[in-house]
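To keep things clear, I will list the structure first and then write my remarks on it.
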Amino acid sequence: MYSEKVMDHFQNPRNVGVLPDADGVGEVGNMRCGDIMRLYIKIGKDETIEDIKFQTFGCGAAIATSSMITEIVKGMSLAEAEKVSNRQVAEELDGLPPVKMHCSNLAADALKAAIANYRENRGASS
Amino acid sequence: MQSVYLDHAATTPVREEVFAAMVPYLTEKFGNPSSLHALGREARRDIEEARGRIARELNASPQEILFTSGGTEADNIAIFGAVAGSKKPGKHLVTSAIEHHGVLHPFQALESRGYRLTVLPVDKYGLVDPGELEKVLSPETILVSIMQANNEVGTIQPIQELATLTRAAGALFHTDAVQSLGILPIDLQELPVDLLSASGHKLYGPKGIGFLYRRKGTKLGPTAFGGAQENSLRPGTENVAGIIGLARAVELAVAEQAETSKRLIYLRDKLIAGLTALPQVTLNGHPRLRLPGNVNVSVSRVEGESLILRLDLKGIAVSSGSACTSGALDPSHVLLAMGLNHQAAHGSLRLTLGRSTTEADIDYVLQVAPGIIEGLRQMSPIVD
Ligand SMILES: Cc1ncc(COP(=O)(O)O)c(C=O)c1O
Ligand code: FES
C-alpha cells in the first residue's frame, strides 16, 4: 500500500535522533491515533536550518514523513521551511494512502512547533 | 530471504487434499443442487454427504449444520435469526467486550433498534467471569453470545459453564468458534450450546464458506429472503465446491487436532518465552487458557504497524492491534477491554502459528526481532 519512496524512508530514515544543543524542539501528538513526533532544529546564520533530527512513535507513514520533512527543510531558511505543508511532504513521497494522509500532519506540525519554540527561546534570551 | 507466515488467525492456505476434493465441483460436477436433472442431483447428494461428514466430526446431526458464506454470515444469522425467532416478550441480549466485529456489530445494530444489550467485561487475561453472566441473566434474556476462543489474544472461555448458566435461565447460547473449531476438541453432545459459528478459511479450507450449527429445536427466524436453500435461513445457490472443501478441511483438522495442538503448544511457548525475555515485552492474554497457535505481546515504546512492516521486510508476516493498522484508527477493542492502555495496545504484536510453522521459523523470528525492536525504540520519542 505504500510507495517505494515511503518504504525507502521507512527502512532508512534520515536524520533520526536527538540534537542535544537544539535551538528549538517541537513535539506533537496525533489526535487521531495517538502517535507522537519530536523534532529538533539547530539554527545557523541567516536563520537557516543547519541541522535537524527527529524521533517518531508511529506508523510507517509517520516515520517516512518525519524523515522526508527533515530532508526537505535541511538548509532552508526558517521563512521557507514554515511554508512546507503536509501535502507537499506527501507528494515528495509519491503520495500516501488516503487513510494515512493524517500522519503527514504530524511532521508539518512538529516543524512549526519547533520553529515556534526556537522563536520563543530567542525572545526570552534577548 | 526466508519466508515465515505467522498470521494463521487471519487466514490459512487451502490444503492440497482440500483443493483436490474441490476441483471436480468447479469443473465437471458443476450442477446446481436445486436442479432436478442428474448433474443437479449429484451436487445435492454430495453436499448432503458433506453436511453429514461435518456433523459426524462434531457429534451433531446433519440437519443441525447450515452452510453459510463464512464466519461473519453465520454470526449474523445466529444473532438476528435468534431475535427474529424469539417468542419472548423480553428484549435482552448479552455478549462480551472482546467479541469479533462479526458478533459485536450485529448486537450494536440491535441495540440501536431498541434491544437492551449487556456487554460483559473481561479480566486482564480476556476471560469472562461466569458469575458476571449469572448476575445479568433474566427471564427477559433472549440470547447470550460469547466466543469460544479469541482471535487476537487466543484466550479460551469457559464456554461449558457459560452455556450451562444460560440454558438454566431459558435463553439461547451462541458461540463464535471460528478460531477454535478443529483446533480445540468440540463435542456438541457435551457442549450445551444452541448455536455455533465456524469458517473454512481458518482451518485450511477455502474463503467464503462456513457453517452455523443450530441445535435441533432452536428457533431461528429468516434474516435474508430468496430461495428455500438451507431451510430458507440462507437463501441462494449453495457454494458446492466450498462445501466439499470445508467438509474435507474439518475432517483433516479434527483427525490431526491432538497432534497439531501438542506441536504448536511447544512452539508457541518457545516463542512466548523468547519474546518476553526481551526488555519490556509483555504477554497479552492467558498463559495457559490459550489457543495452541496464539502469541500476542506488547512491545513498549514501539508502534505496531512499523513493527509489522519491519518484520515483513525480513519475510515475517504478523499482525497488530495498533490503532495505525485499523482503518478506523482505533486500537484493538479486545486489548483495551483487557485493561491495556492505549500505548500498550499500540505496540501489540500478534504472531499466530499453524501447520507450516517449524522450529526454524520460531528461531528466525527470535533472531531478527530484537534488532528490529531496538531500532524502532531508538527512533521513539517516548521514554519510560
Ligand atoms: C472470531 C472470528 N469470528 C468471525 C470471523 C469472520 O469469519 P469470516 O472471515 O469467515 O467471515 C473471524 C475471522 O476473521 C474470526 O476470527
Ligand atoms: S501515525 Fe498512526 S496511522 Fe500513521
Side-chain angles (χ1 to χ4, degrees), chain A residues 1-19 22 25-40 52-68 70 96-107 109-110 113-114, chain B residues 1 7 10 280-281 298-333 335-336 340-350 368-369 371-384:
Chain A
M1 77 176 194
Y2 288 132
S3 71
E4 257 173 57
K5 247 191 180 154
V6 171
M7 284 311 287
D8 174 40
H9 276 265
F10 169 71
Q11 261 181 283
N12 313 294
R14 334 298 198 241
N15 305 307
V16 176
V18 177
L19 285 180
V25 182
E27 178 170 316
V28 291
N30 185 326
M31 293 315 291
R32 299 253 351 239
C33 57
D35 294 339
I36 303 169
M37 174 177 182
R38 194 182 298 148
L39 202 68
Y40 304 82
I52 180 163
K53 290 228 185 293
F54 81 89
Q55 290 176 303
T56 292
F57 169 87
C59 71
I63 290 173
T65 49
S66 304
S67 165
M68 181 49 98
T70 63
L96 286 172
V99 291
K100 295 289 182 179
M101 274 310 290
H102 71 98
C103 315
S104 59
N105 293 331
L106 210 58
D109 292 350
Chain B
M1 189 175 56
D7 205 11
Q280 292 176 295
V281 176
S298 279
V299 182
S300 77
R301 299 193 288 131
V302 172
E303 187 281 319
E305 185 195 294
S306 42
L307 257 178
I308 295 179
L309 292 172
R310 285 274 165 108
L311 287 164
D312 186 44
L313 290 164
K314 296 278 186 195
I316 302 169
V318 297
S319 79
S320 167
S322 162
C324 302
T325 61
S326 90
L329 297 175
D330 292 321
S332 148
H333 67 283
L335 298 175
L336 295 183
L340 266 72
N341 62 29
H342 194 99
Q343 216 216 97
H346 232 60
S348 71
L349 199 63
R350 179 186 76 173
V368 302
I372 288 173
I373 292 170
E374 208 30 59
L376 288 169
R377 277 183 178 158
Q378 274 168 15
M379 216 188 284
S380 174
I382 301 170
V383 289
D384 319 296

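The structure presented is a predicted model; accordingly, all values stated were derived computationally and were not measured. A note on names: the letters A, B, ... follow the listed sequences, proteins ahead of strands, and every chain is numbered from 1.
Heavy-atom neighbours of chain A within the stretch residues 306-319 of chain B, taken at a separation under 4.5 angstrom, comprise Ser306(B), Leu309(B), Arg310(B), Leu313(B).
In terms of non-hydrogen atom pairs under 4.5 Å with chain B, the most contact-rich of Met7(A), Lys100(A), Met37(A), Glu27(A) is Lys100(A). Note: Thr56(A) leads Ile36(A), Thr56(A), Val16(A) in heavy-atom pairs under 4.5 Å with chain B. Among Ser66(A), Gly60(A), Gly58(A), Pro13(A), the residue with the largest count of heavy-atom pairs under 4.5 Å with chain B is Gly58(A).
No part of Lys53(A) comes within reach of chain B, as not one of its non-hydrogen atoms sits under 4.5 angstrom from that chain. Residue contact with chain B, scored on non-hydrogen atoms closer than 4.5 Å, is absent for Ala62(A).
The line from SG of Cys59(A) to CG of Leu329(B) is 8.5 Å long, rounded to the nearest 0.5 Å.
Panel note: side chain Glu303(B), backbone Phe57(A); no donor-acceptor pair is recorded below 3.5 Å.
Residues satisfying the ring pair (Phe, Tyr, Trp, His ring centres under 6.0 Å) test with Phe10(A), not counting sequence neighbours, are none.
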